[in-house]
Q: 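Before anything else, here's the structure in question.
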There are 2 protein chains.
Amino acid sequence: MNAEASKAEQPEQTEEWADVTPDAARRLVRAAVHAFAERGYHATTTRDIAGRAGMSPAALYIHYKTKEELLFQISGVGHRLALDILRSAAEGEGGAARRLAAAVRSFVRWHAEHHTTARVVQYELGALSEEHYTEIVARRREIDGVVRGIIEDGVRAGEFDVPDIPGTTLAVLSLCIDVARWFTTEGRRTPDQVGELYADLVLRMVGATDA
Amino acid sequence: MNAEASKAEQPEQTEEWADVTPDAARRLVRAAVHAFAERGYHATTTRDIAGRAGMSPAALYIHYKTKEELLFQISGVGHRLALDILRSAAEGEGGAARRLAAAVRSFVRWHAEHHTTARVVQYELGALSEEHYTEIVARRREIDGVVRGIIEDGVRAGEFDVPDIPGTTLAVLSLCIDVARWFTTEGRRTPDQVGELYADLVLRMVGATDA
DNA sequence: ACGGAACCTAAGCGCTTGCTCACCCTTTGT
DNA sequence: ACAAAGGGTGAGCAAGCGCTTAGGTTCCGT
């Protein structure tokens, strides 16, 4: 979707933090994402984040009140990105099978391509404050709703054979999300290949007539 | 498999730490599992673990040299348990479909029933020391091998239709493992129900002829 | 020319962390 | 009877933590 490639300083990812301003805050976010993904939120120090961003520890607190607020910003942007990707696939053309496959393909591709961000988004929820957590959980329910919607469409249209719609929705999302845990750039598969494989597997899970 | 029920002090789980001795060490392990599962390894303090086990902070170091060694004990026992469960299902009776269903059913049930232990086993690998980590990774490869073995059997026998065997193995295991992330006792589903649902979904993923 | 906003740093405060140490009970073998 | 061993404690150390503060520099509108 994001056609503009950056100047290949970080070749793997299209710029996901473009709308974080000012520049120093964006550098902090990028540093924090990498640190959180590598070591986890609690094992990451503010000194480490600031160091990676090329600043003194104190500079962090000019842009963010706390370390947790930095995590919240990452989690918020990440969830919106994930939701947008899913929605634009869900609202695409074609029958339920086609749209479900497109949704899984792009959702999985995002989790693989941006697996550092995705790791933070999916596995550091517990480190958020209570208020921030409930806000994020609301967005996650939206994500669930989008996928369930496609599956319901397919069942209604007779395209899918799904005995347990909420359960299958849960399983499909779970499968996609867990990509962030195991994916590495050193692995044998590219994000596109994983997306293709998973789209096929999910169509089988919902008993899609034909592919 | 474990027929002897405890005196229902902790109704949810059959005793998984029975062979950890002495008694004080077992209490520490149980306390650590709950603390690690709730807050994560790095956010858990040795004081918290000792407190939950009813001891002073210093008592922990009589039984374990470091906090990390405690995690390693938990991870080691947990991985052996998980592997045993999978193996006894894989070596059971019947065709590949039956054995794969049994493996997924019991593996998923374990992840749901013992989701606190499973959470530590599956999501705190990164906190292990380098040596301990490589030791655990070896056990994880065995787990992968067991599942791949069943799928290969099914393909050879013409029972399954699987274009990408390593990829599908990965997806099946990923689906099961992620149960530890989302499962709660407050949810609508029992561990048995999740196991049943997932066994069905996995049979669909491998294109099993009949169920 | 210059007041002020924006941004950054060196130094460090108060606290918590993993872990240790000196010492104290109980149980056990002889 | 009593030394040894095993299992425990209270107090506390050195290090590292999140975060603050006082002060400096750069840039801009007027």
Side-chain angles (χ1 to χ4, degrees), chain A residues 17-75 120 124-133, chain B residues 17-75 120 124-133:
Chain A
W17 309 110
D19 49 352
V20 176
T21 50
D23 180 75
R26 186 166 50 249
R27 263 156 55 219
L28 282 168
V29 165
R30 268 200 287 253
V33 165
H34 281 96
F36 291 163
E38 264 175 39
R39 303 206 240 291
Y41 174 81
H42 287 292
T44 300
T45 68
T46 55
R47 278 164 244 262
D48 182 24
I49 298 168
R52 287 183 194 231
M55 321 183 196
S56 75
L60 194 153
Y61 293 90
I62 294 162
H63 303 282
Y64 296 94
K65 271 204 293 245
T66 62
K67 177 176 137 185
E68 188 271 342
E69 201 178 70
L70 191 42
L71 173 65
F72 177 58
Q73 158 112 252
I74 293 165
S75 199
V120 179
E124 301 291 345
L125 296 179
L128 290 167
S129 75
E130 206 155 333
E131 297 131 39
H132 288 162
Y133 178 74
Chain B
W17 309 109
D19 49 353
V20 176
T21 52
D23 180 75
R26 188 165 48 247
R27 264 155 55 218
L28 282 168
V29 165
R30 269 201 286 253
V33 165
H34 280 96
F36 291 163
E38 265 175 39
R39 303 207 240 292
Y41 174 81
H42 287 294
T44 299
T45 68
T46 55
R47 278 165 244 261
D48 183 24
I49 298 169
R52 287 183 194 231
M55 319 182 197
S56 74
L60 194 153
Y61 293 89
I62 295 164
H63 304 282
Y64 296 95
K65 270 202 294 247
T66 62
K67 176 176 137 185
E68 189 270 343
E69 202 177 71
L70 190 43
L71 173 66
F72 177 59
Q73 159 111 250
I74 292 166
S75 199
V120 178
E124 302 291 345
L125 296 179
L128 289 167
S129 75
E130 206 155 332
E131 296 132 38
H132 288 162
Y133 178 74

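The structure presented is a predicted model; accordingly, all values stated were derived computationally and were not measured. In what follows, chains are A, B, ... by sequence order, proteins preceding strands, each numbered from 1. Heavy atoms only: backbone and side chains are in, while hydrogens, waters and symmetry mates are out.
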Q: Quick one, give me the B/S/- string for nucleotides 17-23 of chain C, reading 5' to 3', where B means a protein heavy atom under 4.0 Å from the base and S means that only happens at the primed atoms, P, OP1 or OP2.
A: BBBBB--
Q: List for me each residue that meets salt bridge (charged side-chain N to carboxylate O under 4.0 Å, His left out) alongside Asp19(A), sequence neighbours excluded, and say none if there are none.
A: none
Q: Please identify each residue that fulfils salt bridge (charged side-chain N to carboxylate O under 4.0 Å, His left out) with Glu68(B), with sequence neighbours left out.
A: none
Q: Between Lys67(B) and Thr44(B) (side chain of the first, backbone of the second, donor and acceptor by atom type, cut-off under 3.5 Å), is there such a pair?
A: yes
Q: For DNA chain D, which nucleotides open and close the run of contacts to chain A, 5' to 3', at under 4.0 angstrom from a non-hydrogen atom?
A: dC17(D) to dT21(D)
Q: Calculate, to the nearest 0.5 Å, the distance between atoms OG and OH belonging to Ser56(B) and Tyr61(B) respectively.
A: 11.0 Å
Q: Using the test ring-ring contact (aromatic ring centres under 6.0 Å, His included), find all partners of His132(A) that sit at least two apart in sequence or belong to another chain.
A: Phe72(A)
Q: I'd like to know if the side chain of Arg27(A) and the backbone of Ala53(A) have a donor-acceptor N/O pair within less than 3.5 Å.
A: yes
Q: Nearest 0.5 Å, what's the CG-NE2 distance between Leu71(A) and His42(A)?
A: 9.0 Å
Q: Is there a side-chain contact between His63(B) and Leu28(B) (heavy atoms, below 4.5 Å)?
A: yes
Q: To the nearest 0.5 Å, tell me how far Thr45(B) OG1 sits from Ile49(B) CD1.
A: 7.0 Å
Q: Rounded at 0.5 Å granularity, tell me how far OG1 in Thr46(B) sits from OH in Tyr64(B).
A: 14.5 Å
Q: Taking only heavy atoms on the protein side, list every residue of residues 48-56 of chain B lying under 4.0 Å from any atom of DNA chain C, sorted numerically.
A: none
